[in-house]
Amino acid sequence: MAEILSLHDAVARYVEDGATVAMEGFTHLIPVAAGHEIIRQGRRDLTLIRMTPDLVYDQLIGAGCAKKVIFSWGGNPGVGSLHRLRDAVEKGWPHQIEILEHSHAAMACAFEAGAAGLPLAVLRGYVGSELPSVNEQIKFIECPFTGERLAAVPSVRPDVSIVHAQKADRAGNVVVEGIIGVQKEAVLAAKHSIVTVEEIVDDLDTHPNACVIPGWAIDAIAVAEKGSLPSYAHGYYPRDNRFYKEWDAISRDRDAFTRWIEDNVIHSIGRHSTDGAQSGGSVQ
Amino acid sequence: MAEILSLHDAVARYVEDGATVAMEGFTHLIPVAAGHEIIRQGRRDLTLIRMTPDLVYDQLIGAGCAKKVIFSWGGNPGVGSLHRLRDAVEKGWPHQIEILEHSHAAMACAFEAGAAGLPLAVLRGYVGSELPSVNEQIKFIECPFTGERLAAVPSVRPDVSIVHAQKADRAGNVVVEGIIGVQKEAVLAAKHSIVTVEEIVDDLDTHPNACVIPGWAIDAIAVAEKGSLPSYAHGYYPRDNRFYKEWDAISRDRDAFTRWIEDNVIHSIGRHSTDGAQSGGSVQ
Amino acid sequence: MSLEYTSGEMMTVTAARALENGTTCFVGIGLPSEAANLARLTHAPDVVLIYESGTLQTRPEVLPLSIGDGELCESALTTVSVPEMFRYWLQGGKINVGFLGTAQIDRYCNLNTTLIGDYKAPKVRLPGGGGAPEIATNAGEVFITLKHSPRAFVRDVDFITTLGFGRDGKGRDNVPNIGRGPTRVISDLCVMKPDPEDHELTVVSLHPGVTREQVQEATGWDIRFADNLESTPEPSDRELEVLRELKARTERAHAGQ
Amino acid sequence: MSLEYTSGEMMTVTAARALENGTTCFVGIGLPSEAANLARLTHAPDVVLIYESGTLQTRPEVLPLSIGDGELCESALTTVSVPEMFRYWLQGGKINVGFLGTAQIDRYCNLNTTLIGDYKAPKVRLPGGGGAPEIATNAGEVFITLKHSPRAFVRDVDFITTLGFGRDGKGRDNVPNIGRGPTRVISDLCVMKPDPEDHELTVVSLHPGVTREQVQEATGWDIRFADNLESTPEPSDRELEVLRELKARTERAHAGQ
C-alpha cells in the first residue's frame, strides 16, 4: 500500500547503492526531480535502466551515480548526443561505465514481460542486427508450433522503478495520462516503486479505462511539483525545448556540467527555478 | 480502411462457410446482432472462437452453424449451462461438434499474441491441470535464461473477428469503453474484421488514452442499434439479466429453441423487440 | 447472536471472515463473490476485489449476476483489458487470494469444472476452466467455497481442471513460482484445510449444530477430522443483516431488468 | 516552378512525395518526420502517421522536437502504451512504411546508429538503435532519408544496428515474416533504390542540377547509376510554401518555450 512520503525519504528508503533502478517516462513525464534527489543523496554503483536515457540519465552518469546503463536509445531528443554518457563510454569520465543495449521493441517487451511476471519476452526482433553479437542477453528460441526463430530477452525486473505522473488520490492511486510509455509496466515489474506526482487530489476524476495504477501496487508517492521539467506533464506544463538545446552546451564541458549540478541540483533544495532547467527543489 | 456497410452485407462479404470466426465481448458488448445475421445467412462449418461462449454461441451451435468451438468457459453467466452446447457435445444435436478448450489466461494471451503478430503466446499456465492432456495445442517450452518450464499456446488469428462497440465516427474509427475484454486484440489479430456499433457520430469525443480502434485497422462497420442485447452496452443500455434466466428454459428444449430461432432470428428482420431478447432486427 | 440463520448464510459469513482487510482478492462469480462483497461491507472495507473481466478494485452496490456486469465497471477504480488482467495482475503476482467455487473437489483439493464422465463422451459437460487454472497457481493462496454433497466432494475428481495438490498431494512440490494453493475450503457444514504434511483435506471446524456424521455422509471419501476440531463461530447479527440487505438489493436490481 | 529552393528542401519534398495517401507510416524523428508531415499537408491528407511514443494517427500543427512532444498526443486519434505500439501496431503488421533516418548507411542499405569505431572502444558513441531494428524488419517497406556525405554513405557500416540487406545483400532471403526492407533512399542529391537482383544501392534519379560526380564524391564507394537515370521532379511552389510555413510555425512554437 502506497505511503505518501517526501521525495527525500522515498529515495532514501528505496534507492540503495548498487540497486537496479528503472526511471521511466517516454519523453513525457520523466522523473527528473527524483533523479536529482538520487544525485543529492550521492547514490553509487546504480544499474540504470531506461529505454531512452536523456538529460536526467546524462546527469546521473556525469555525477558518478551509474555503474551500468541498460537502454535502447541514448540521446538528447531532437538535439543530438548525451555528452556525459559519451564522455563516460568513450573516455571513462568520471569513471568507466558498462552499457547493455537493446532495441526499443525488445526493451518495451522486456518491461511488459516484467510486469507480467515472466522471466523472458519473446518478439520478432533483431533480425539481421548485430546487436545480438554485443549483447549476450539476446537469445533466440524456436516456436514449437511453426518452427519460426524468434528473439528472446530477459524481462526487466528492477529493484526499484521511479515514474512521474499527473496526480494521486489520498489512497495513493495514480493516474497517468497522455503519452504513457512503459510507466505502468515499470512500476508493476519492480520489487519497489516510487511515483512522484504533480499533486494529490481528493478525486482522480478519470474515465473507465484510464491508465490508473492502484495505490496497493506502489510503495511510495511523493509530491514533486514540476517534477518532470524540462520534460513535460500533459495538462500541467509544456516541454522546455529550449533547455534541451541549452543542455547541449552545458553538458559538453566537464566543468560547466559540474557547476550546473552544484548550482541546480546539489544546492537547490527548497528553491524554485524560473528557467525550467532546475527541478526537484519544489518538493512539498 | 473501414467501409460502412449494412450488417447483412458485412456478414455476407466476410463470413464464409468454413471460416474461423472470433466474436468477442467479455459479458459486455457481445455482438449478438451479428451472430443472428450469421444464423439468418445460414453459414455452416464455422470454427467459432470465444473465451466465454454464451447465449449467442449457444444459438449458433443450436442453429447448426458450428463445426468446432474453441473456448475457455462455456456457460450461461450466473445462470448455468449452455444447453445447446451441451446437447451438441453430449448428444450430437443438431450434429457432433469438436471442442478445443483452454483456460482464460491462455486464450487471453493467445489473442494478445495474435494481435502482436506472433505465432505463439507464452504464459505461466496450466501447471498441474489436465487440460494439456486433452488439448494437443498446449505445449511447454523452457526459458533460455532461467530454465523455467512455461506453457505455450498458438496465437489466435481468426479469418474474421466480429465485435460490438459503442460508436464509430464517419472515418470508421471505433471507441470501446467499459469492460473492453479482448475486443481490440480480436480485431487486430484477424485477417478481416467487422465492428457493429450502436451509432455513428461526427466526433468520438474521447480522452487521450481511450480504447480506440482506427478505421484503417477494420474492414467493415455496421450499425446495429441495441446490437448487443441481451448483453449490454456501457452508456447505452443495461444487461437484460432476465432474458439470460429465460434462456435457460428456452434452450433446454430442442423444439422451443427452434421456435425461438424462427420467431426471433430468422423472421425478425426489420422488427424491434420489446423484451430485449431479440436483436439484430433494427439494422438499417 | 439472536438472529436465526441458514446453513447457506453460515457458509457465506464464514467464507467472508477468511478474507483479511487490505487483501487483494481475485473473485470468482457466485458464492465467492457473495462472500467477498460481504467481507468488504463488514470487517474488510479495504479489501481489493478484482474480477477477471478487467475490473480492478470494484465496489458493487449489488452482487453481479455475471463476471462482467456493468456495476463492476462503474464502481471500479479502473477497468483494464482481459489480457492485461491475466498477465499483469494475476500472473504478475499482485493477487494475495484467489477465491474460487467449483463443481467438484477431491481430497487433494483438485477442482473439476470441465466435465463428469469421460472427456471424449461426457455424461455432463460443465462450463470449463475459465480463469481458475491460473488463479489457483498464480495467486498467493486460494480459498474455495461450495456446498457439501457427495457428488461435489469426491475422492478423485473426474478431471483436474485446476490444480489443488495433484493426484498424489505432491503437485506443487518443487514447482517454481507457484502460489501456496488452497489453504481453506468453506462449505455449508464445515471448514476444511489441507493437512500441512500430505495435503489431504481435513475438517478443522464444524459449523454450529453440524455433526461429524453429517460431514462424512456428504463427503465421497473417508474424510479426516483434525485432533483439535473447533466449532465455527456463529454469524453476528450485523453480518446477517448486511448479507440479507445485500441479497435483497441484488434481487430488486436484477428483477427490474 | 518559380520559387528558388535549397537542396534540403529538395530532399524533404522528394521524400514527402514517396508517401502515398492512405499509407500507414511509422515515422522517425527529424527528417522523416518533416517529410511525412509535409506529405500529410500536401498530397496525402489521409496518410496515417504513427510515432513510437504511442501516438496513433497524429496530425501535429508544428513539427515535434522529440518523438514524444505533447503536440503529437494532443492531435492523435489515440495514444497507446509503448509496448502496445511495438507489439500490436508494428510487429502486428499494421505499418505499410517505416520512415527512417540514420547516421551511416552502406551499399546494402544497412544502417548504423550505434557507434563509429570499435564496439568496445568507440571513437564516437551514437544514440543507438531505438525503434529502427524492428521498424526495418516489421514494416511492409522502408524509406530512408539522410544528407549525402562520404562519412554517412560508407561501403560497409561499422556496425549493423538495423538490417538493410545484410553484409552480402542476402540478409532477407528466406527469412519468414519480414518486410521488403528499404525500397528507396532519398538524399539531398539524389534518389537511390536497391538493385532488384543483388540489392546494391543504385542511383535512379538525380536532383535538378546535381551531377553524377557530385554524388560519387559524396559516397564512400563506387556507386552505381541506373541505366535509365532520371531527373527528380522539382518541388512545386505549393510544396515549398507549405514546407516553409510548417518550419516557420515550428520555429515560432519552439522558440516560445
Side-chain angles (χ1 to χ4, degrees), chain A residues 26 28-29 105 108-110 112-125 127 132 135-157 165-166 175-181 183-184 204-213 233-235, chain B residues 26 28-29 105 108-110 112-125 127 132 135-157 165-166 175-181 183-184 204-213 233-235:
Chain A
F26 202 90
H28 179 217
L29 290 175
C109 290
E112 201 272 348
L118 289 175
L120 85 165
V122 174
L123 69 152
R124 185 176 290 116
V127 177
N135 179 344
E136 62 184 21
Q137 295 211 325
I138 302 167
K139 295 185 188 278
F140 293 88
I141 64 165
E142 194 180 277
C143 171
F145 303 104
T146 61
E148 185 177 353
R149 184 174 180 265
L150 295 163
V153 294
S155 61
V156 170
R157 312 208 66 177
Q166 279 96 345
V175 64
V176 189
E177 195 173 67
I179 291 178
I180 54 178
Q183 279 100 306
K184 181 155 131 180
L204 290 181
D205 188 25
T206 59
H207 51 85
N209 306 115
C211 180
V212 174
I213 309 175
H234 180 102
Chain B
F26 202 89
H28 178 215
L29 290 175
C109 290
E112 202 272 348
L118 289 175
L120 84 166
V122 174
L123 68 153
R124 185 176 288 117
V127 177
N135 179 344
E136 61 183 22
Q137 296 212 323
I138 302 167
K139 296 184 187 277
F140 293 88
I141 63 165
E142 194 180 278
C143 171
F145 304 103
T146 62
E148 184 177 352
R149 183 172 179 266
L150 295 164
V153 294
S155 61
V156 170
R157 312 207 70 174
Q166 279 97 344
V175 64
V176 189
E177 194 172 67
I179 291 178
I180 54 177
Q183 277 101 307
K184 181 155 127 179
L204 290 181
D205 189 24
T206 59
H207 52 86
N209 307 115
C211 180
V212 174
I213 309 174
H234 180 103

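A note on names: the letters A, B, ... follow the listed sequences, proteins ahead of strands, and every chain is numbered from 1. For clarity, every value in this text was computed on a predicted model and none was experimentally measured.
- For chain B, the nearby parts of A/E177 are the backbone and the side chain; heavy atoms of each come within less than 4.5 Å.
- Considering only residues two or more places apart in sequence or on other chains, A/E142 meets the salt bridge (charged side-chain N to carboxylate O under 4.0 Å, His left out) condition with none of them.
- Taking each heavy atom of B/F26 and B/G181 in turn, the nearest pair found is CB-CA, 3.9 Å.
- For B/Q166 (side chain) and B/A233 (main-chain N/O), no donor-acceptor pair under 3.5 Å exists by modelled atom type.
- The part of B/I141 that comes within reach of chain A is its side chain, from C-beta onward, which places non-hydrogen atoms under 4.5 angstrom from that chain.
- Taking B/A210, B/G117, B/A116 one by one and counting their heavy-atom pairs under 4.5 Å with chain A, the maximum is reached by B/G117.
- Ring pair B/H207/A/H207 is parallel by interplanar angle, where below 30° counts as parallel and above 60° as perpendicular.
- Here the side chains of A/R124 and B/P119 are in contact, with some heavy-atom distance below 4.5 Å.
- Of the listed residues (A/P154, A/S155, A/A152), the one with the most heavy-atom contacts under 4.5 Å to chain B is A/P154.
- With chain A as the partner, the residue from B/L150, B/V176, B/I179, B/V153 showing the most heavy-atom pairs under 4.5 Å is B/V153.
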